[in-house]
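I have placed the structure first, in the form of structure tokens, so that the comments after it can refer back to it.
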Amino acid sequence: MIIIIKPEVEPNGPEVSGILEYLRQFPDIKTKISEVSGVSRTVTEIYLIGPTHHIPTETIEHMPGVEKVVRVSSKYRLIGRHGGQLDQIGFEYNGLYFDQNSLHTFIGPCAVDTREHVEIILKNLQRTGVVTARMGAYKPRTSPYDFQGHGKDCLPWVFELAGKYGIKVIAMEVLREDHIDEIADALEKAGRPTGVMLQIGTRNAQNFELLKAAGSQQEFPVLYKRGMGLSLEEALNACEYIASEGNRKIIFCLRGVKTRLGDPHRNLVDFSHVPVIKRLTRLPVCIDPTHSVGTKDRAADGILDIFHATAQGVIAGANMILVEFHPRPELALCDGPQALTMKELDHFLEDVRITRKAYEERKALAERELFKKWHA
Ligand code: PEP
Ligand code: MN
């Protein structure tokens, strides 16, 4: 059960204490208060854990400060919308706001290689007004003989350059709990010139200990990538681990699923699940067209398959795009063949802008149609 507190009520105020006092008569019930900060207000929610069936919903609903009481199923307790009873939850991080209405484009190399390449990318992002990037320092590779990433050694100069070019958030994959500490230390030492969104990659999508580690820290938001062989339900359950440890700054990412049915693409593009995740959960949704498509093939209409897949996600309401770019893909140490180049950046961003506009028009049209239906 979740008790949603009215927005104007202080989390430490008498109304919340009154509710907690009332709940003390149910000794089997544990309470946990969660504050979710949005753009204009902080939402306080009280979670009741334990046998809640004998707790009278109506009594609580009439208590001062209560907006509503929601009975939740055991599935996706914290990230779920529970049949539309709960609103989305956005979050603010390092001056940017992420929710189910926003759209951010995270651009950069699969793996950080040279300072020169990173600088070229960041310079181009600044030129085009993009303030979000992706940079892999720790890389999970299929073969142990492939480049594993520069690890913590590259963090000082990556953060310094990000600050120099006005990047506010970098998405960076972590493979182990101590990578989170290494990132936090390097960021602190660099004087916090930028922010980091921790990426949990598809290969770690059910590494529950790593998910708990990302969830038990509050500093960094987490980008959870769907496991390449996981059903949506399994992936959402795994994602719930992050929230259950206390971190509510989560974005759910679709990156394609592994099956030969996706051939000739690297994976089967699963972006038709964007609206499904927005309906089932309160989380913003990211799409990763690079790892979904995995080729630079161009369709007969002259548009790259990666652009087409991106458009499919954006026109369905995606809130974040994670996409690989490299100034010299032939020299990239990881995932070069699927990287877009700097020459393709302006075209890509313009294509996203067109598609986003189309999504907004579609949304407005649907709102008008629903209004007509309700007032008919
Ligand atoms: C990546 O984003 O570079 C990556 C390795 O993605 P995934 O975990 O989806 O394969
Ligand atoms: Mn990659």
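Computed over heavy atoms, backbone and side chain alike; hydrogens, waters and symmetry mates excluded. Read the numbers this way: they start at 1 and go in the same order the structure lists the ligands and their atoms.
- The N, O or S atom of D335 with the smallest distance to the Mn ion (ligand 2) is OD2.
- K225 NZ, 3.5 Å is the protein heavy atom nearest to atom 7 (P) of ligand 1.
- As for H291, its N/O/S atom nearest the Mn ion (ligand 2) is the one called NE2.
- Among all protein heavy atoms, the one lying closest to atom 8 (O) of ligand 1 is T202 N, 2.8 Å.
- Using a 4.0 Å cutoff on heavy atoms, M228 does not count as a contact of ligand 1.
- Under the 4.5 Å side-chain heavy-atom criterion for ILVMFWY residues, a single connected hydrophobic cluster contains both L20 and I3.
- Heavy atoms of C110 approach ligand 1 to within less than 4.0 angstrom.
- Under the 4.5 Å side-chain heavy-atom criterion for Ile, Leu, Val, Met, Phe, Trp and Tyr, L175 and I170 are members of the same hydrophobic cluster.
- Listed by number with element, the atoms of ligand 1 under 4.0 angstrom from any heavy atom of G201 are 8 (O).
- Below 3.5 Å of separation, one finds no N or O of E173 facing any N or O of ligand 1.
- Within the listing of ligand 1, atoms 1 (C), 2 (O) sit less than 4.0 angstrom from a heavy atom of Q199.
- Residue D335 has no N or O atom closer than 3.5 Å to an N or O atom of ligand 1.
- Within a 6.0 Å sphere centred on CD of E8, other residues, nucleotides and ligands contribute more than 12 heavy atoms.
- More than 12 heavy atoms of other shown residues, nucleotides or ligands fall within 6.0 angstrom of atom CD in E360.
- Note on I60 and Y47: separate hydrophobic clusters, where clusters join Ile, Leu, Val, Met, Phe, Trp and Tyr whose side-chain heavy atoms are under 4.5 Å apart, directly or indirectly.
- Under 2.8 Å from the Mn ion (ligand 2) lies an N/O/S atom of C110, whether from backbone or side chain.
- Counting protein heavy atoms only, atom 1 (C) of ligand 1 is closest to H291 CE1, 3.2 Å.
- In the vicinity of R203, heavy-atom distances shorter than 4.0 Å reach the ligand 1 atoms 8 (O), 10 (O).
- The Mn ion (ligand 2) sits nearest to atom OE2 when only the N, O or S atoms of E324 are considered.
- Each of the atoms 1 (C), 3 (O), 5 (C) of ligand 1 lies under 4.0 Å from some heavy atom of K139.
- Neither L268 nor I287 shares a network with the other; the hydrophobic side chains, linked directly or stepwise wherever heavy atoms of I, L, V, M, F, W or Y lie under 4.5 Å apart, form separate groups for each.
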Salt bridge (Lys or Arg N to Asp or Glu O under 4.0 Å) assessment of R266 paired with E324: CA-CA 14 Å; R266 182 169 166 179; E324 290 181 356; over 6 Å; no

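- Looking only at atom types and distance, the side chain of E173 has no donor-acceptor partner in the side chain of H179 under 3.5 Å away.
- Of the candidates L125, T341, L340, L340 is the only one forming a side-chain contact (heavy atoms from CB on, under 4.5 Å) with F325.
- In this structure, atom 9 (O) of ligand 1 lies nearest to the protein heavy atom R255 NE, 2.6 Å.
- Remark: E160 engages R115 in a salt bridge, criterion side-chain N to carboxylate O under 4.0 Å.
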